[in-house]
Chemist: 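Sharing a structure here in C-alpha coordinates format.
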2 protein chains.
Amino acid sequence: MARAGLTTERLARAGAELADEAGFDQVTVSALARRFDVKVASLYSHLRNSHDLKTRIALLALEELADRAADALAGRAGKDALTALANVYRDYAREHPGRYAAAQLRLDPETAVASAGVRHAQMTRAILRGYDLTEPDQTHAVRLLGSVFHGYVTLEMGGGFSHSAPDTQETWSRTMDALDALLRNWPAS
Amino acid sequence: MARAGLTTERLARAGAELADEAGFDQVTVSALARRFDVKVASLYSHLRNSHDLKTRIALLALEELADRAADALAGRAGKDALTALANVYRDYAREHPGRYAAAQLRLDPETAVASAGVRHAQMTRAILRGYDLTEPDQTHAVRLLGSVFHGYVTLEMGGGFSHSAPDTQETWSRTMDALDALLRNWPAS
DNA sequence: TTATTTGCCTAAAGGTATTAGGCAAATGTA
DNA sequence: TACATTTGCCTAATACCTTTAGGCAAATAA
(Lines give C-alpha, C1' and ligand atoms only; values in the text may rest on other atoms or scores of the structure.)
Protein backbone atom coordinates (compact mmCIF):
# COMPACT_ATOMS: atom_id res chain seq x y z
CA MET A 1 0.00 0.00 0.00
CA ALA A 2 1.08 3.54 -0.67
CA ARG A 3 2.42 5.41 2.32
CA ALA A 4 0.76 8.45 3.76
CA GLY A 5 3.95 10.37 4.44
CA LEU A 6 3.35 10.93 8.11
CA THR A 7 5.83 12.95 10.12
CA THR A 8 5.90 14.07 13.70
CA GLU A 9 6.00 17.58 12.30
CA ARG A 10 3.00 17.13 10.02
CA LEU A 11 1.04 15.45 12.78
CA ALA A 12 1.63 18.34 15.16
CA ARG A 13 0.63 20.80 12.49
CA ALA A 14 -2.53 18.89 11.61
CA GLY A 15 -3.25 18.54 15.31
CA ALA A 16 -3.08 22.31 15.67
CA GLU A 17 -5.56 22.75 12.83
CA LEU A 18 -7.84 20.20 14.39
CA ALA A 19 -7.61 22.02 17.71
CA ASP A 20 -8.66 25.29 16.11
CA GLU A 21 -11.55 23.67 14.27
CA ALA A 22 -12.93 21.39 16.94
CA GLY A 23 -11.37 22.50 20.21
CA PHE A 24 -8.19 21.39 21.91
CA ASP A 25 -10.00 18.78 23.97
CA GLN A 26 -11.16 17.14 20.75
CA VAL A 27 -7.58 16.58 19.68
CA THR A 28 -7.17 12.86 19.85
CA VAL A 29 -4.89 10.33 18.24
CA SER A 30 -7.91 8.70 16.65
CA ALA A 31 -9.25 11.91 15.16
CA LEU A 32 -5.84 12.69 13.75
CA ALA A 33 -5.60 9.22 12.19
CA ARG A 34 -8.97 9.76 10.53
CA ARG A 35 -7.74 13.06 9.18
CA PHE A 36 -4.84 11.32 7.44
CA ASP A 37 -7.03 8.37 6.47
CA VAL A 38 -4.72 6.05 8.27
CA LYS A 39 -5.11 3.49 11.05
CA VAL A 40 -4.68 4.73 14.59
CA ALA A 41 -1.76 2.48 15.44
CA SER A 42 0.25 4.00 12.62
CA LEU A 43 0.62 7.26 14.47
CA TYR A 44 2.47 5.58 17.29
CA SER A 45 5.59 5.34 15.16
CA HIS A 46 5.71 9.12 15.18
CA LEU A 47 4.19 9.99 18.54
CA ARG A 48 5.02 8.48 21.90
CA ASN A 49 1.45 8.82 23.06
CA SER A 50 -1.51 11.15 23.24
CA HIS A 51 0.18 13.49 25.67
CA ASP A 52 3.17 13.73 23.40
CA LEU A 53 0.91 14.96 20.62
CA LYS A 54 -0.64 17.62 22.82
CA THR A 55 2.74 18.77 24.02
CA ARG A 56 3.96 19.18 20.45
CA ILE A 57 0.93 21.27 19.59
CA ALA A 58 1.56 23.40 22.65
CA LEU A 59 5.19 23.96 21.69
CA LEU A 60 4.16 24.85 18.16
CA ALA A 61 1.66 27.39 19.45
CA LEU A 62 4.17 28.92 21.86
CA GLU A 63 6.62 29.34 18.98
CA GLU A 64 4.11 30.94 16.67
CA LEU A 65 2.99 33.25 19.43
CA ALA A 66 6.55 34.24 20.29
CA ASP A 67 7.31 34.92 16.63
CA ARG A 68 4.29 37.16 16.33
CA ALA A 69 5.21 38.95 19.52
CA ALA A 70 8.77 39.56 18.33
CA ASP A 71 7.41 41.00 15.10
CA ALA A 72 4.97 43.23 16.90
CA LEU A 73 7.55 44.60 19.30
CA ALA A 74 10.08 45.52 16.63
CA GLY A 75 10.48 49.30 16.56
CA ARG A 76 8.02 49.98 19.34
CA ALA A 77 8.44 51.20 22.87
CA GLY A 78 6.39 52.33 25.87
CA LYS A 79 2.66 52.13 25.66
CA ASP A 80 2.87 51.42 21.97
CA ALA A 81 4.85 48.26 22.68
CA LEU A 82 2.61 47.31 25.58
CA THR A 83 -0.50 47.48 23.46
CA ALA A 84 1.11 45.70 20.55
CA LEU A 85 2.16 42.76 22.70
CA ALA A 86 -1.19 42.52 24.41
CA ASN A 87 -2.93 42.54 21.05
CA VAL A 88 -0.76 39.70 19.82
CA TYR A 89 -2.08 37.43 22.55
CA ARG A 90 -5.67 38.52 22.18
CA ASP A 91 -5.68 38.27 18.39
CA TYR A 92 -3.93 34.94 18.40
CA ALA A 93 -6.47 33.51 20.81
CA ARG A 94 -9.27 34.70 18.57
CA GLU A 95 -7.74 33.40 15.37
CA HIS A 96 -6.48 30.16 16.86
CA PRO A 97 -8.52 29.27 19.93
CA GLY A 98 -7.39 25.66 19.89
CA ARG A 99 -3.72 26.56 19.60
CA TYR A 100 -4.10 29.15 22.34
CA ALA A 101 -5.68 26.56 24.61
CA ALA A 102 -2.80 24.24 23.77
CA ALA A 103 -0.28 26.90 24.74
CA GLN A 104 -1.83 26.82 28.21
CA LEU A 105 -0.97 23.16 28.66
CA ARG A 106 1.17 22.58 31.69
CA LEU A 107 4.58 21.43 30.50
CA ASP A 108 7.01 19.45 32.57
CA PRO A 109 9.96 21.59 33.72
CA GLU A 110 12.55 20.36 31.23
CA THR A 111 10.18 20.85 28.32
CA ALA A 112 9.17 24.25 29.62
CA VAL A 113 12.66 25.72 29.82
CA ALA A 114 13.38 24.48 26.30
CA SER A 115 10.17 26.02 24.99
CA ALA A 116 9.45 29.44 23.56
CA GLY A 117 7.88 30.28 26.89
CA VAL A 118 11.20 31.75 27.88
CA ARG A 119 11.08 34.18 24.97
CA HIS A 120 7.66 35.33 26.08
CA ALA A 121 8.96 36.31 29.49
CA GLN A 122 11.90 38.11 27.91
CA MET A 123 9.69 40.09 25.58
CA THR A 124 7.38 41.14 28.37
CA ARG A 125 10.41 42.30 30.28
CA ALA A 126 11.64 44.17 27.22
CA ILE A 127 8.51 46.30 27.30
CA LEU A 128 9.39 47.49 30.76
CA ARG A 129 12.51 49.21 29.43
CA GLY A 130 10.16 51.99 28.42
CA TYR A 131 9.21 52.46 32.04
CA ASP A 132 11.23 53.21 35.13
CA LEU A 133 11.17 50.18 37.40
CA THR A 134 13.77 48.72 39.74
CA GLU A 135 15.00 45.22 39.04
CA PRO A 136 12.78 43.30 41.47
CA ASP A 137 9.79 45.39 40.50
CA GLN A 138 10.36 44.43 36.90
CA THR A 139 9.78 40.81 37.79
CA HIS A 140 6.62 41.68 39.67
CA ALA A 141 5.43 43.72 36.71
CA VAL A 142 6.22 40.94 34.24
CA ARG A 143 4.07 38.60 36.28
CA LEU A 144 1.29 41.11 36.58
CA LEU A 145 1.24 41.79 32.85
CA GLY A 146 1.27 38.08 32.13
CA SER A 147 -1.65 37.62 34.49
CA VAL A 148 -3.69 40.36 32.89
CA PHE A 149 -3.03 39.25 29.32
CA HIS A 150 -3.75 35.64 30.03
CA GLY A 151 -6.61 36.26 32.39
CA TYR A 152 -8.36 38.74 30.16
CA VAL A 153 -8.06 36.66 27.03
CA THR A 154 -9.22 33.53 28.80
CA LEU A 155 -12.24 35.18 30.38
CA GLU A 156 -13.23 36.98 27.20
CA MET A 157 -12.93 33.84 25.08
CA GLY A 158 -14.79 31.83 27.70
CA GLY A 159 -17.72 34.21 27.52
CA GLY A 160 -17.09 35.55 31.00
CA PHE A 161 -17.68 39.12 29.87
CA SER A 162 -20.49 38.48 27.46
CA HIS A 163 -23.39 39.29 29.76
CA SER A 164 -22.57 42.78 30.82
CA ALA A 165 -23.10 45.92 28.82
CA PRO A 166 -20.06 47.86 27.54
CA ASP A 167 -18.43 46.01 24.71
CA THR A 168 -15.18 44.26 25.42
CA GLN A 169 -13.18 46.25 22.90
CA GLU A 170 -13.71 49.35 24.99
CA THR A 171 -12.67 47.51 28.15
CA TRP A 172 -9.60 46.20 26.40
CA SER A 173 -8.56 49.65 25.33
CA ARG A 174 -9.16 51.06 28.83
CA THR A 175 -7.18 48.17 30.26
CA MET A 176 -4.24 49.20 28.14
CA ASP A 177 -4.59 52.76 29.44
CA ALA A 178 -4.74 51.46 32.97
CA LEU A 179 -1.67 49.27 32.66
CA ASP A 180 0.30 52.07 31.07
CA ALA A 181 -0.70 54.44 33.85
CA LEU A 182 0.18 51.83 36.43
CA LEU A 183 3.64 51.21 35.00
CA ARG A 184 4.37 54.92 34.74
CA ASN A 185 3.24 55.34 38.31
CA TRP A 186 4.39 52.13 39.93
CA PRO A 187 3.92 52.25 43.71
CA ALA A 188 7.11 51.99 45.79
CA SER A 189 7.33 49.24 48.38
CA MET B 1 -28.91 -6.05 47.42
CA ALA B 2 -28.53 -3.12 49.78
CA ARG B 3 -28.65 0.29 48.18
CA ALA B 4 -25.74 2.64 48.18
CA GLY B 5 -27.76 5.79 48.79
CA LEU B 6 -26.56 7.67 45.77
CA THR B 7 -27.77 11.21 45.20
CA THR B 8 -27.00 13.78 42.59
CA GLU B 9 -25.83 15.92 45.46
CA ARG B 10 -23.53 13.29 46.95
CA LEU B 11 -22.13 12.46 43.55
CA ALA B 12 -21.24 16.07 42.87
CA ARG B 13 -19.62 16.38 46.27
CA ALA B 14 -17.61 13.19 45.83
CA GLY B 15 -16.69 14.34 42.34
CA ALA B 16 -15.31 17.54 43.82
CA GLU B 17 -13.18 15.57 46.25
CA LEU B 18 -11.97 13.37 43.46
CA ALA B 19 -11.09 16.45 41.43
CA ASP B 20 -8.99 17.86 44.26
CA GLU B 21 -7.21 14.57 44.81
CA ALA B 22 -6.57 13.47 41.25
CA GLY B 23 -7.19 16.49 39.06
CA PHE B 24 -10.35 17.68 37.38
CA ASP B 25 -9.50 15.87 34.16
CA GLN B 26 -9.46 12.61 36.10
CA VAL B 27 -13.05 13.10 37.14
CA THR B 28 -14.91 10.40 35.32
CA VAL B 29 -18.18 8.58 35.80
CA SER B 30 -16.27 5.32 36.13
CA ALA B 31 -13.93 6.62 38.81
CA LEU B 32 -16.88 7.95 40.74
CA ALA B 33 -18.66 4.61 40.53
CA ARG B 34 -15.57 2.88 41.89
CA ARG B 35 -15.52 5.35 44.75
CA PHE B 36 -19.04 4.34 45.75
CA ASP B 37 -18.36 0.69 45.01
CA VAL B 38 -21.20 0.64 42.57
CA LYS B 39 -21.56 -0.24 38.90
CA VAL B 40 -21.05 2.54 36.40
CA ALA B 41 -24.50 2.35 34.87
CA SER B 42 -26.03 3.05 38.27
CA LEU B 43 -24.85 6.62 38.19
CA TYR B 44 -26.88 7.36 35.12
CA SER B 45 -30.06 7.44 37.19
CA HIS B 46 -28.64 10.49 38.95
CA LEU B 47 -26.54 12.10 36.25
CA ARG B 48 -27.52 12.81 32.70
CA ASN B 49 -24.02 12.18 31.47
CA SER B 50 -20.37 12.90 32.10
CA HIS B 51 -20.70 16.56 31.22
CA ASP B 52 -23.57 16.91 33.64
CA LEU B 53 -21.33 15.66 36.42
CA LYS B 54 -18.63 18.16 35.58
CA THR B 55 -21.11 20.98 35.41
CA ARG B 56 -22.45 20.14 38.85
CA ILE B 57 -18.95 20.15 40.29
CA ALA B 58 -18.35 23.52 38.66
CA LEU B 59 -21.53 24.96 40.15
CA LEU B 60 -20.64 23.59 43.56
CA ALA B 61 -17.20 25.20 43.38
CA LEU B 62 -18.64 28.53 42.25
CA GLU B 63 -21.02 28.49 45.21
CA GLU B 64 -18.34 27.65 47.74
CA LEU B 65 -16.11 30.32 46.31
CA ALA B 66 -18.87 32.91 46.40
CA ASP B 67 -19.69 32.04 50.00
CA ARG B 68 -16.08 32.44 51.01
CA ALA B 69 -15.89 35.72 49.17
CA ALA B 70 -19.00 37.05 50.87
CA ASP B 71 -17.53 36.09 54.23
CA ALA B 72 -14.24 37.75 53.46
CA LEU B 73 -15.81 40.98 52.29
CA ALA B 74 -18.03 41.44 55.32
CA GLY B 75 -16.90 44.50 57.21
CA ARG B 76 -14.07 45.39 54.88
CA ALA B 77 -13.61 48.20 52.41
CA GLY B 78 -10.99 49.71 50.13
CA LYS B 79 -7.67 47.97 49.80
CA ASP B 80 -8.53 45.74 52.72
CA ALA B 81 -11.52 44.38 50.81
CA LEU B 82 -9.56 44.14 47.59
CA THR B 83 -6.86 42.03 49.19
CA ALA B 84 -9.34 39.87 51.04
CA LEU B 85 -11.24 39.01 47.89
CA ALA B 86 -8.10 38.31 45.94
CA ASN B 87 -6.86 36.02 48.68
CA VAL B 88 -10.08 34.07 48.64
CA TYR B 89 -9.50 33.07 45.04
CA ARG B 90 -5.84 32.32 45.51
CA ASP B 91 -6.32 30.33 48.69
CA TYR B 92 -9.23 28.40 47.30
CA ALA B 93 -7.23 27.43 44.24
CA ARG B 94 -4.42 26.18 46.46
CA GLU B 95 -6.67 24.25 48.81
CA HIS B 96 -8.95 22.91 46.11
CA PRO B 97 -7.12 22.85 42.79
CA GLY B 98 -9.58 20.43 41.25
CA ARG B 99 -12.60 22.46 42.29
CA TYR B 100 -10.94 25.64 41.08
CA ALA B 101 -10.29 24.04 37.72
CA ALA B 102 -13.92 22.96 37.65
CA ALA B 103 -15.06 26.52 38.31
CA GLN B 104 -13.30 27.46 35.07
CA LEU B 105 -15.49 25.14 33.05
CA ARG B 106 -17.35 26.98 30.34
CA LEU B 107 -21.04 26.86 31.18
CA ASP B 108 -23.81 27.27 28.69
CA PRO B 109 -25.53 30.66 28.97
CA GLU B 110 -28.66 29.55 30.85
CA THR B 111 -26.61 27.62 33.39
CA ALA B 112 -24.20 30.51 33.75
CA VAL B 113 -26.78 33.13 34.63
CA ALA B 114 -28.31 30.78 37.19
CA SER B 115 -24.91 30.11 38.75
CA ALA B 116 -23.06 31.85 41.54
CA GLY B 117 -20.92 33.47 38.85
CA VAL B 118 -23.28 36.40 39.04
CA ARG B 119 -22.55 36.89 42.74
CA HIS B 120 -18.85 36.97 41.96
CA ALA B 121 -19.28 39.85 39.60
CA GLN B 122 -21.42 41.68 42.13
CA MET B 123 -18.87 41.27 44.88
CA THR B 124 -16.06 42.49 42.71
CA ARG B 125 -18.16 45.51 41.89
CA ALA B 126 -18.85 46.02 45.59
CA ILE B 127 -15.16 46.49 46.21
CA LEU B 128 -15.14 49.41 43.86
CA ARG B 129 -17.43 51.35 46.15
CA GLY B 130 -14.29 52.13 48.12
CA TYR B 131 -12.85 53.85 45.08
CA ASP B 132 -14.08 56.70 42.99
CA LEU B 133 -14.98 55.39 39.55
CA THR B 134 -17.67 56.40 37.10
CA GLU B 135 -20.27 53.80 36.16
CA PRO B 136 -18.74 52.57 32.88
CA ASP B 137 -15.29 52.57 34.42
CA GLN B 138 -16.56 50.31 37.15
CA THR B 139 -17.37 47.67 34.59
CA HIS B 140 -13.95 48.00 33.03
CA ALA B 141 -12.37 47.72 36.46
CA VAL B 142 -14.45 44.67 37.36
CA ARG B 143 -13.20 42.97 34.24
CA LEU B 144 -9.63 43.97 34.89
CA LEU B 145 -9.71 42.72 38.45
CA GLY B 146 -11.27 39.46 37.33
CA SER B 147 -8.54 39.08 34.74
CA VAL B 148 -5.77 39.66 37.23
CA PHE B 149 -7.18 37.36 39.88
CA HIS B 150 -7.89 34.57 37.47
CA GLY B 151 -4.77 35.05 35.40
CA TYR B 152 -2.44 35.24 38.35
CA VAL B 153 -3.86 32.22 40.12
CA THR B 154 -3.84 30.16 36.95
CA LEU B 155 -0.29 31.02 36.05
CA GLU B 156 0.99 30.52 39.57
CA MET B 157 -0.73 27.17 39.95
CA GLY B 158 0.46 26.11 36.52
CA GLY B 159 4.03 26.73 37.50
CA GLY B 160 4.36 29.69 35.17
CA PHE B 161 6.20 31.73 37.79
CA SER B 162 8.27 28.96 39.28
CA HIS B 163 11.47 29.55 37.36
CA SER B 164 12.25 33.12 38.22
CA ALA B 165 13.74 34.44 41.42
CA PRO B 166 11.54 36.57 43.74
CA ASP B 167 9.04 34.39 45.50
CA THR B 168 5.46 34.63 44.38
CA GLN B 169 4.14 35.77 47.76
CA GLU B 170 6.09 38.98 47.35
CA THR B 171 4.75 39.46 43.84
CA TRP B 172 1.23 38.83 45.05
CA SER B 173 1.55 41.44 47.73
CA ARG B 174 3.01 43.97 45.28
CA THR B 175 0.22 43.15 42.87
CA MET B 176 -2.29 44.14 45.53
CA ASP B 177 -0.41 47.41 46.04
CA ALA B 178 -0.42 48.01 42.33
CA LEU B 179 -4.12 47.35 41.88
CA ASP B 180 -4.99 49.57 44.81
CA ALA B 181 -2.84 52.35 43.40
CA LEU B 182 -4.42 51.89 40.01
CA LEU B 183 -7.96 52.08 41.33
CA ARG B 184 -7.19 55.17 43.39
CA ASN B 185 -5.61 56.73 40.37
CA TRP B 186 -7.77 55.44 37.54
CA PRO B 187 -6.89 57.18 34.26
CA ALA B 188 -9.68 59.20 32.68
CA SER B 189 -10.71 58.41 29.15
C1' DT C 1 -50.73 -6.42 52.27
C1' DT C 2 -50.55 -5.19 47.80
C1' DA C 3 -49.18 -1.89 44.21
C1' DT C 4 -46.00 1.30 42.52
C1' DT C 5 -42.05 3.67 42.25
C1' DT C 6 -37.21 3.87 42.44
C1' DG C 7 -32.32 2.25 42.68
C1' DC C 8 -28.80 -0.59 41.34
C1' DC C 9 -27.57 -4.49 38.29
C1' DT C 10 -26.45 -7.20 33.94
C1' DA C 11 -25.70 -6.90 29.11
C1' DA C 12 -24.16 -4.76 25.14
C1' DA C 13 -22.36 -1.44 21.74
C1' DG C 14 -19.15 2.07 20.48
C1' DG C 15 -15.14 5.17 21.14
C1' DT C 16 -10.15 6.16 22.58
C1' DA C 17 -5.34 4.67 23.99
C1' DT C 18 -1.66 1.64 23.54
C1' DT C 19 1.27 -2.49 22.54
C1' DA C 20 2.98 -6.46 19.72
C1' DG C 21 4.06 -8.46 15.68
C1' DG C 22 3.84 -8.66 10.34
C1' DC C 23 4.39 -7.41 5.48
C1' DA C 24 5.64 -4.37 1.96
C1' DA C 25 7.68 -0.07 0.38
C1' DA C 26 11.63 2.77 0.49
C1' DT C 27 16.44 3.14 0.91
C1' DG C 28 21.28 1.70 1.20
C1' DT C 29 24.85 -1.39 -0.57
C1' DA C 30 27.44 -4.43 -3.49
C1' DT D 1 20.68 -4.55 -11.03
C1' DA D 2 20.10 -7.60 -7.01
C1' DC D 3 20.01 -8.03 -2.31
C1' DA D 4 19.69 -6.51 2.50
C1' DT D 5 18.05 -3.46 5.78
C1' DT D 6 15.37 -0.08 7.54
C1' DT D 7 11.10 2.07 8.02
C1' DG D 8 6.03 2.87 7.64
C1' DC D 9 1.60 1.44 7.94
C1' DC D 10 -1.42 -2.55 8.96
C1' DT D 11 -3.95 -6.27 11.68
C1' DA D 12 -4.96 -8.01 16.10
C1' DA D 13 -5.70 -7.66 20.84
C1' DT D 14 -6.25 -5.57 25.51
C1' DA D 15 -7.98 -2.21 28.52
C1' DC D 16 -10.60 1.79 29.79
C1' DC D 17 -14.57 5.09 29.62
C1' DT D 18 -19.41 6.36 28.03
C1' DT D 19 -23.98 5.51 27.36
C1' DT D 20 -28.49 2.96 26.58
C1' DA D 21 -31.88 -0.84 27.42
C1' DG D 22 -34.14 -3.84 30.15
C1' DG D 23 -34.64 -6.58 34.74
C1' DC D 24 -35.20 -7.54 39.67
C1' DA D 25 -35.49 -6.28 44.32
C1' DA D 26 -35.87 -2.75 47.89
C1' DA D 27 -38.29 1.24 49.49
C1' DT D 28 -42.52 3.66 49.66
C1' DA D 29 -47.50 4.54 49.00
C1' DA D 30 -52.27 2.98 49.05
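Residue numbers start from 1 in every chain, and the chains themselves are labelled A, B, ... in the order their sequence lines are given, proteins ahead of strands.
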Chemist: Regarding A:Glu9 and A:Arg13, does a basic nitrogen lie under 4.0 Å from an acidic carboxylate oxygen?
Modeler: yes
Chemist: Using ring pair (Phe, Tyr, Trp, His ring centres under 6.0 Å) as the criterion, list what pairs up with B:Phe149, not counting sequence neighbours.
Modeler: B:Tyr89
Chemist: If I take atom CG in residue B:Leu47 and atom C1' in nucleotide D:dC17, what distance separates them, rounded to the nearest angstrom?
Modeler: 14 Å
Chemist: Any donor-acceptor pair under 3.5 Å linking the side chain of B:Asn185 with the backbone of B:Ala181?
Modeler: no
Chemist: Measure the CD-CZ distance between B:Glu95 and B:Arg90 for me, rounded to the nearest 0.5 Å.
Modeler: 12.0 Å
Chemist: Calculate, to the nearest 0.5 Å, the distance between atoms CG and CG belonging to A:Asp67 and A:Leu62 respectively.
Modeler: 11.0 Å
Chemist: Return the residues of residues 5-21 of chain A meeting this criterion: a heavy atom under 4.0 Å from some atom of DNA chain D. Order them by number, or give none.
Modeler: A:Gly5, A:Leu6
Chemist: Could you tell me whether the side chain of B:Arg174 reaches within less than 4.5 Å of the side chain of A:Trp186, counting heavy atoms only?
Modeler: yes
Chemist: What's the CG-C1' distance between B:Asn49 and D:dC17, to the nearest Å?
Modeler: 13 Å
Chemist: Looking at B:Leu107 and B:Ala58, what are the two nearest heavy atoms and their distance?
Modeler: CD2-CB, 4.3 Å
Chemist: Side chains of B:Thr8 and B:His46: donor-acceptor distance under 3.5 Å anywhere?
Modeler: no
Chemist: Any side-chain donor-acceptor pair under 3.5 Å between A:Tyr131 and A:Asp180?
Modeler: yes
Chemist: Looking at B:Asp108, I'd like to know if its CG atom is crowded, meaning that more than 12 non-hydrogen atoms belonging to other residues, nucleotides or ligands lie closer than 6.0 Å.
Modeler: yes
Chemist: Check A:Ala72 against A:Val88 and note the closest heavy-atom contact, atom names and distance.
Modeler: CB-CG2, 3.5 Å
Chemist: Which of residues 50-60 of chain A have a heavy atom under 4.0 Å from DNA chain C?
Modeler: A:Ser50
Chemist: Kindly state which residues belonging to residues 22-30 of chain A come within less than 4.0 angstrom of DNA chain C, counting heavy atoms of the residue only, listed by number.
Modeler: A:Thr28, A:Val29, A:Ser30
Chemist: Under 4.0 Å between any heavy atoms, over every strand shown, what does A:Ala31 touch: base, sugar-phosphate, or nothing? Just pick one.
Modeler: nothing
Chemist: With a 4.0 Å limit, can you tell me whether A:Arg48 has a side-chain N or O closer than that to the phosphate oxygens OP1/OP2 of C:dT18?
Modeler: no
Chemist: Could you work out, with ring pair (Phe, Tyr, Trp, His ring centres under 6.0 Å) as the rule, every residue matching A:His96, not counting sequence neighbours?
Modeler: A:Tyr92
Chemist: Find the distance between CZ (B:Arg143) and CD (A:Glu156) and round it off to the nearest 0.5 Å.
Modeler: 8.5 Å
Chemist: Report yes if a side-chain nitrogen or oxygen of A:Arg34 is closer than 4.0 Å to either non-bridging phosphate oxygen (OP1 or OP2) of C:dT16; otherwise report no.
Modeler: yes
Chemist: Looking at DNA chain D, which of residues 35-46 of chain A put a heavy atom within less than 4.0 Å of it?
Modeler: A:Val38, A:Lys39, A:Ala41, A:Ser42, A:Ser45, A:His46
Chemist: Output the rounded distance in Å from CG (A:Leu32) to C1' (C:dA17).
Modeler: 14 Å
